[in-house]
Amino acid sequence: MATSRATVVPMKVAQMKAAQVPKPGADFEIVERGIPEPGAGQVRIKVQACGVCHSDVLTKEGAWPGIQYPRVPGHEVAGIVDEVGAEVSAWKKGQRVGVGWHGGQDNTCRECRRGDFRNCRNLKVCGISYDGGYQQYMVAPVEALAAIPESLSDVDAAPLLCAGITTYNALRHSGALPGDLVAVQGIGGLGHLGIQFANKFGYKVAAIGRGPENAALAKKLGASVYIDSQATKAAEELQKLGGARVVLATAPNSKAMSELIDGLGPNGTLMVVGATLDPIEVTPLQLINGSKRIQGWASGTPTDSEDTLRFAELSGVRPMIEAYPLEKAAEAYARMMSGKAQFRVVLTM
Ligand SMILES: [Zn+2]
Ligand SMILES: [Zn+2]
């Protein structure tokens, strides 16, 4: 067999930057990686912006079972379809898309067969099950894609894909009707959006924060009442207003949540979206009197994301953000973890 002695020139794979977590608990590292190719049923997204969510701690610290490392976090992704894989017909190159927490369902489990994709038993999570948005390009299955309306900027759309959809979806499924008293506990990444959505839904909004410093901002965001939980007993203040139909609990503080159960009115619901591992404490009698309930809510599907984005476009609800370049992912993450960000931290590529 004849062999040529021609020099082999290695194929140069186009490179991109990514902020990856090399192993659980390790610091972020900025690395060069080959730009990934989309497989069947997937698209490649040129990431424009990615929000930094507190749940990224699951990837950073390895607190979610089965994560393979190195892993790129990020589930508040706004970008442009850059390439489509085989068998993709509904999404086109150049289209603006987002990816949130819901990173794809299996379409075969009992919940999926019922159309309850949000509760898929084998739900994939962007930035946990596969590499997320802390990078210049990422690949996502079409089940994870939400279309972004033209009038929303990338940095505004990104936080709406987790913090936004979570508060919007929890409120619209909470049973509160226009005119009802709805309290929003916590004025942070979730809460500052929750107050705006609650106001635009036509609720009477009571914002509950710690200390007087957020009172003016809460009112500007649409609260008609501000309750300082350090200066007063928030539950009693809510009862003076007739009791809340819903308390949207956004700050991950189980003790503060427990104290608000007595602020609910008849048929009231404590709607829990702030994720924490400590128990909420409640006696059966607290729930029995007035038929009260405690409910949790997780994010939503990409079509819920599209509803959130369209409603934000329609109503003017926007996140307040602090933007950092991708290279400063570690600093951006530390800022989010400090709890001092006003209010969502967003990486730009
Ligand atoms: Zn999130
Ligand atoms: Zn499923």
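In this text, all values refer to a predicted model and were calculated from it rather than measured experimentally. Indexing begins at 1, ligand by ligand and atom by atom, following the structure's order.
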Trainee: Is the shortest side-chain heavy-atom distance between Met320 and Leu217 below 4.5 Å?
Mentor: yes
Trainee: Within His54, is some N, O or S atom less than 2.8 Å away from the Zn ion (ligand 1)?
Mentor: no
Trainee: How large, to 10°, is the angle at the Zn ion (ligand 1) when you draw lines to SG on Cys162 and to NE2 on His75?
Mentor: 110°
Trainee: Nearest 10° is fine: what angle sits at the Zn ion (ligand 2) between SG from Cys120 and SG from Cys109?
Mentor: 120°
Trainee: Would Trp297 and Trp101 count as a close aromatic pair, with their ring centres under 6.0 Å?
Mentor: no
Trainee: Under 2.8 Å from the Zn ion (ligand 2), is there any N, O or S atom belonging to Asp106?
Mentor: yes
Trainee: Do the charged groups of Asp304 and Arg172 touch, with an N to O distance under 4.0 Å?
Mentor: yes
Trainee: Under a 4.0 Å threshold between the charged nitrogen and the carboxylate oxygen, would Asp154 count as salt-bridged to Arg96?
Mentor: yes
